[in-house]
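Have a look at the structure below before the remarks.
We use all heavy atoms of the structure for the numbers below, so side chains are in, but hydrogens, waters and symmetry mates are not. First the proteins, then the strands, lettered A, B, ... as listed; each starts at 1.
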There are 4 protein chains.
Amino acid sequence: MSTEETIEPTRSASSRVQRKRGRRIQEILTAAAELFGERGYDAVSLEDVAERLDVTKGSLYYYFSSKDELGTAAIETLGTEWTARLQKLVDGTSGSAADRLRALIHEHVLIAVRDHPAALQVFLVPRRWPHEQRESIKELRQRHDRLFRALIEEGVAAGEFTVTGVDTVLQCMHAAMSQAPVWCADLPARAQYEAVDEVADTLMMLVGQAPPE
Amino acid sequence: MSTEETIEPTRSASSRVQRKRGRRIQEILTAAAELFGERGYDAVSLEDVAERLDVTKGSLYYYFSSKDELGTAAIETLGTEWTARLQKLVDGTSGSAADRLRALIHEHVLIAVRDHPAALQVFLVPRRWPHEQRESIKELRQRHDRLFRALIEEGVAAGEFTVTGVDTVLQCMHAAMSQAPVWCADLPARAQYEAVDEVADTLMMLVGQAPPE
Amino acid sequence: MSTEETIEPTRSASSRVQRKRGRRIQEILTAAAELFGERGYDAVSLEDVAERLDVTKGSLYYYFSSKDELGTAAIETLGTEWTARLQKLVDGTSGSAADRLRALIHEHVLIAVRDHPAALQVFLVPRRWPHEQRESIKELRQRHDRLFRALIEEGVAAGEFTVTGVDTVLQCMHAAMSQAPVWCADLPARAQYEAVDEVADTLMMLVGQAPPE
Amino acid sequence: MSTEETIEPTRSASSRVQRKRGRRIQEILTAAAELFGERGYDAVSLEDVAERLDVTKGSLYYYFSSKDELGTAAIETLGTEWTARLQKLVDGTSGSAADRLRALIHEHVLIAVRDHPAALQVFLVPRRWPHEQRESIKELRQRHDRLFRALIEEGVAAGEFTVTGVDTVLQCMHAAMSQAPVWCADLPARAQYEAVDEVADTLMMLVGQAPPE
DNA sequence: GATGAATGAGATTTCATTCAT
DNA sequence: AATGAATGAAATCTCATTCAT
């Protein structure tokens with residue numbers, strides 16, 4: 001019993017510390033991802049990141065050994081979280097391929113516009129990132145694409161969709177969705193929601209689905 | 001008379017000089033636009049630009065009084081040239097709105113992929129540019145959009161096109177076209193041409209045009 | 001009586017703690033001395049020292065209040081231990097001044113090469129140490145020199161040795177002995193021992209002793 | 001003729017610039033070598049170097065792309081100049097091997113003590129330098145050693161010298177000579193000269209030459 | 001006793017900009 | 001027109017030190 005008493009606190013203490021560290025890292029990554037997405041990797045200084053977190057530059061180095069590493073990690077978290085949300089949506093939705101694809105597009109754009117108003121840029125322009133990060137970006141992009149590709153192929157197989165080529169449709173869709181936050185940024189909240197809806201309708205046309213009405 | 005004699009050579013000399021200056025400026029702008037497109041404004045140093053031109057940093061200041069000015073000018077030339085080429089195409093083509101729009105899209109993507117790989121990025125992510133330049137970019141973007149918008153509205157009016165909303169369609173089209181060079185960059189020359197064709201077919205679906213066959 | 005009973009265990013406990021503390025300090029000093037010797041004072045960070053000991057930086061501050069203090073202490077222990085070993089050798093050896101000097105040199109170089117590779121550098125280049133430590137180093141150096149000086153003067157007085165000047169001989173000897181580990185570091189174990197022997201023979205020539213054979 | 005007039009100035013202008021650049025680099029290297037020698041590589045900041053030259057830190061990067069590179073170059077110049085001076089002395093001296101070796105030792109120590117009061121340290125403790133530089137140091141050291149080795153071997157062959165082993169003698173000599181500036185630094189000018197003389201006499205004993213008188 | 005976190009001063013490095021020639 | 005040199009501000013990065021737990 002006494003053993004348990006001694007060990008338990010120790011163990012939980014260590015893991016509490018671990019969790020705390022994890023949380024801190026997430027905070028940093030979130031802030032960083034936001035800034036990088038907003039202004040681009042090069043335009044963001046560590047000072048900027050530190051300031052948003054209200055710590056000093058030096059502290060960042062306690063968690064990440066370089067700006068590049070922070071950049072890579074930021075992308076990774078961002079992409080992982082995003083993909084997870086979309087995956088969950090796909091898993092939880094039923095209906096025709098069209099219904100589900102539309103929901104997926106809608107959700108994607110909504111996340112982009114509402115939650116990460118600028119972070120998506122990161123996935124659009126890998127050319128601007130240092131070498132290391134590009135791989136990271138590519139991989140995330142692929143994970144992301146798989147969700148869409150699966151649905152599109154399903155719809156095509158079922159005769160629901162008409163497409164020129166799946167790859168090209170995917171690319172165009174992705175480009176448009178990622179760009180959406182840029183032009184929706186300045187709209188008032190309500191208009192934003194409508195805009196997202198319209199984007200979804202518009203992009204459904206890429207697989208041959210006529211707009212409603 | 002003697003005045004003319006003296007002045008004439010001077011004038012033509014001076015204009016020869018002028019022309020040479022103009023040519024030099026064009027060279028610089030082309031190099032700069034390429035680099036800015038490839039790596040983003042911040043990631044490009046004047047040293048990089050100078051090196052590509054095989055001159056020294058200092059020389060650039062003979063033509064442009066700051067990096068920002070060079071940036072603005074580079075965008076402007078790029079956009080102007082581009083728009084001019086598209087305008088010419090529009091003027092020289094006849095047929096249905098669909099035919100002309102498809103030709104326009106095709107040309108746009110072709111220029112992007114073949115002639116200015118990466119440079120188009122500039123128009124996609126204005127957020128990464130210093131304030132001053134954004135206006136410049138926006139304006140060019142508008143000039144550019146007008147070409148497309150006119151054709152789309154014409155098609156809609158003629159009952160040829162079905163759209164969700166012209167603005168949204170324009171944005172999606174633009175995003176996809178500008179993004180094309182990124183994913184087409186690695187394809188072999190022949191495949192590139194086919195890819196461009198497919199992009200055009202795909203984007204025509206945004207206005208309700210079914211793909212060929 | 002009751003007092004004694006209470007105090008005794010306390011005292012021994014406290015002294016056990018003391019001993020443990022002492023041992024920990026020794027461990028730290030040894031690690032630090034090695035590192036300082038290997039790379040020089042400035043090139044060694046407390047992080048380096050901590051890592052070698054598998055503790056955190058912060059912990060070092062429990063034992064030493066600054067890097068400088070750690071540095072001074074490291075030198076001091078190193079020097080004290082070293083001098084003690086040599087002193088013991090001198091005390092335990094008899095024979096001619098030549099025999100004893102040779103044994104002393106041999107032992108010195110052996111310790112340097114085998115036990116503290118690099119640590120001796122510390123005594124060679126005081127210029128690289130912060131002001132405070134230099135005094136410390138100088139004093140140790142003197143204590144150290146006294147052993148050699150006594151023997152040399154004895155040999156000179158006895159007519160055994162011929163020297164140019166005792167000071168100069170001492171300096172040259174010291175320099176060569178301290179440098180030995182650098183060039184012997186890469187030799188295989190056996191060759192190392194022979195090398196040490198040869199160094200001893202060589203340095204004996206500085207007091208006019210012809211090499212054996 | 002006119003061609004000559006145009007080309008000549010151009011050519012000489014360019015080479016004048018070249019020479020000037022070379023001179024500037026030498027100035028920097030001299031200052032850097034002094035400081036590195038005085039305090040050690042790590043203890044010297046670029047700020048220090050810049051200040052001694054009365055320029056800003058940034059300027060140093062116009063000539064050297066990193067501190068390491070500056071370090072390597074500084075060593076190289078120092079070593080090259082040094083070796084050249086010794087070589088010249090060897091070439092210009094005649095007499096017995098003993099005479100010439102003594103002159104060489106004398107000159108070496110004199111340069112060290114008088115001209116580069118601390119720079120020699122650099123050659124003594126390569127362990128403290130970043131990897132790249134060590135090779136550089138080793139090579140210089142070898143070039144340097146060759147001068148001494150040749151003379152010693154000549155003296156041994158001629159029966160003038162008695163040695164334990166050439167390698168060991170060389171190492172001991174080198175160590176002592178390089179260390180000399182440290183202990184001679186504080187002597188008054190006259191005493192310094194005498195000290196150098198005595199060092200030479202002392203080190204000659206390493207090859208079996210009895211001191212004068 | 002020891003740790004993880006944070007700090008702040010200072011080091012290295014980059015780069016737009018200026019200027020004499 | 002063009003260059004080489006220099007500058008200074010700002011960015012990245014390092015590290016001795018402090019402190020709450």
Whole angstrom value for the distance that separates C1' of dT21(E) from NZ of Lys20(D): 9 Å
Counting only heavy atoms and a strict 4.0 angstrom limit, can you tell me which residues of residues 22-29 of chain B come near DNA chain F? Arg24(B)
N or O in side chain of Tyr62(D) less than 4.0 angstrom from dA6(F) OP1/OP2: no
Checking Ser15(C) side chain against Gln18(C) main chain: does a donor-acceptor pair fall under 3.5 Å? no
For residues Leu29(A) and Leu70(A), determine if any side-chain heavy atom of one lies less than 4.5 Å from a side-chain heavy atom of the other. yes
When you measure from the side-chain N and O atoms of Tyr63(A) to the phosphate of dA6(E), is any distance below 4.0 Å, counting only OP1 and OP2? yes
Base, backbone or nothing for each nucleotide of nucleotides 12-20 of chain E, written B, S, -, heavy atoms under 4.0 angstrom, 5' to 3'? BBB-BBB--
Ignoring hydrogens and geometry, is there a side-chain-to-backbone donor-acceptor pair from Ser59(A) to Val55(A) under 3.5 Å? no
Nucleotide dG4(F), atom P - distance to CD of Glu51(B) in whole Å: 13 Å
Base, sugar-phosphate, or nothing for Val49(A), non-hydrogen atoms under 4.0 angstrom? nothing
What are the two closest non-hydrogen atoms of Arg24(B) and Tyr63(B), and how far apart are they? CG-OH, 3.3 Å
Rounded to whole Å, please give me the gap between CG in Asp48(C) and P in dA16(F). 8 Å
Between Arg21(A) and dA5(E), is there a side-chain N or O to OP1/OP2 distance below 4.0 Å? yes
Distance in angstrom units between Leu53(A) CG and dA5(E) P, rounded: 15 Å
Do Lys57(A) and Glu51(A) meet the salt-bridge criterion of a basic N to acidic O distance under 4.0 Å? no
Hey, does Thr30(C) have a side-chain heavy atom less than 4.5 Å from the side chain of Leu78(C)? no
Looking at Ala43(B), is its backbone amide N or carbonyl O close enough to the side chain of Tyr41(A) to form a donor-acceptor pair, meaning the two atoms are under 3.5 Å apart? no
Are any of the side-chain nitrogens in Arg39(C) or Asp42(D) under 4.0 Å away from the carboxylate oxygens of its partner? no
Base-pairing string, 5' to 3', of DNA chain F - Watson-Crick or wobble, under 3.5 Å, | interstrand: .||||||||||||||||||||
Do the non-hydrogen side-chain atoms of Phe36(D) and Ile75(D) ever get within less than 4.5 Å of each other? no
Closer than 4.0 angstrom, basic N to acidic O: yes or no for Lys67(C) and Glu47(C)? no
Whole angstrom is fine here: how far is it from CZ in Arg16(A) over to P in dT3(E)? 17 Å
Starting at atom CG of Leu60(D), determine the distance to atom C1' of dA5(F), rounded to an integer number of angstrom. 12 Å
Report yes or no: do Thr77(D) and Thr80(D) form a side-chain donor-acceptor pair below 3.5 Å? no
Checking salt bridge (charged side-chain N to carboxylate O under 4.0 Å, His left out) for the pair Glu38(C)/Arg52(C): CA distance, chi angles, key distance, verdict? CA-CA 13 Å; Glu38(C) 272 169 37; Arg52(C) 179 164 299 199; 3.7 Å; yes
Over how many whole Å does the gap from Glu69(A) atom CD to dT12(F) atom P extend? 15 Å
Atom CD of Gln18(A) and atom C1' of dA5(E) are separated, to the nearest Å, by 14 Å
